[in-house]
Amino acid sequence: MDNSRRNFFKRSLGVVAAVSVAQLAANRIAFAADMPQVDEASPQAVSLGYKHDAALIDKAKYPRLADGQHCGNCALYQGAAGSEWGGCGIFAGKAVAAKGWCNAYAPKA
Ligand code: SF4
């Protein structure tokens, strides 16, 4: 294969890879927007003390909650940076609020 042909294939592969990564990111964001929100009254949410707004959590009942903690900066949050809602590794198939919190909170490394 001559050099110009080889370079053409290399560039084509790069373009395909870049488009695929962009498409995956777009799908992830769309997917998060389409997911139903966690029901705060569901047994799992109640057992983990999840609320859509961390400010509404009873700190006496959940002493692990520290100032500044919320889903948006939890290691398990799967939403895009700056998103208001996103997936969570604990609540499969459901969206949690970026400003929410639950007792499984783990800080991002
Ligand atoms: Fe929010 Fe993290 Fe709890 Fe999921 S595990 S609900 S992202 S605090």
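Position 1 is the first residue of the sequence; numbering continues from there. Numbering of ligands and ligand atoms starts at 1, following listing order. Side-chain atoms are counted along with the backbone in the values below, which use heavy atoms only and exclude waters and symmetry mates. Note that this is a predicted model, so its numbers are computed, not measured.
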Can you name the atoms of ligand 1, numbered from 1 with element, that are less than 4.0 Å from a heavy atom of [X]?
X   : answer
C88 : 4 (Fe), 5 (S), 6 (S), 7 (S)
I90 : 5 (S)
F91 : 6 (S)
L76 : 5 (S)

Between Y50 and C88, does a side chain to side chain contact (heavy atoms under 4.5 Å, CB included) hold up when you go through it step by step?
CA-CA 12 Å; Y50 172 81; C88 164; over 6 Å; no
Considering only non-hydrogen protein atoms, determine which one is nearest to atom 3 (Fe) of ligand 1 and report residue, atom name and distance to 0.1 Å.
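The answer is C102 SG, 2.3 Å.
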Counting non-hydrogen protein atoms only, what is the nearest one to atom 2 (Fe) of ligand 1? Give residue, atom name and distance.
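Protein heavy atom with the smallest distance to atom 2 (Fe) of ligand 1: C74 SG, 2.3 Å.
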Nearest 0.5 Å, please: how far is NE2 in H70 from CD1 in I57?
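If I round to the nearest 0.5 Å, the distance is 12.0 Å.
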Gap between atom CG of L48 and atom CD of E40 - 0.5 Å precision:
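Answer rounded to 0.5 Å: 12.5 Å.
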Between I90 and Y105, is there shared hydrophobic-cluster membership here, with clusters defined by ILVMFWY side-chain heavy atoms closer than 4.5 Å?
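No, I90 and Y105 fall in different hydrophobic clusters.
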In the structure I gave you, are the side-chain heavy atoms of W85 and K99 within less than 4.5 Å of one another anywhere?
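Not in contact.
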Is atom 1 (Fe) of ligand 1 less than 2.8 Å from an N/O/S atom of C71, whether that atom is in the backbone or a side chain?
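So C71 does bind atom 1 (Fe) of ligand 1 by this criterion.
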If you take all heavy atoms of Q69 and W101, which pair is closest and at what distance?
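Distance-wise, the nearest heavy atoms are OE1-NE1, 3.0 Å.
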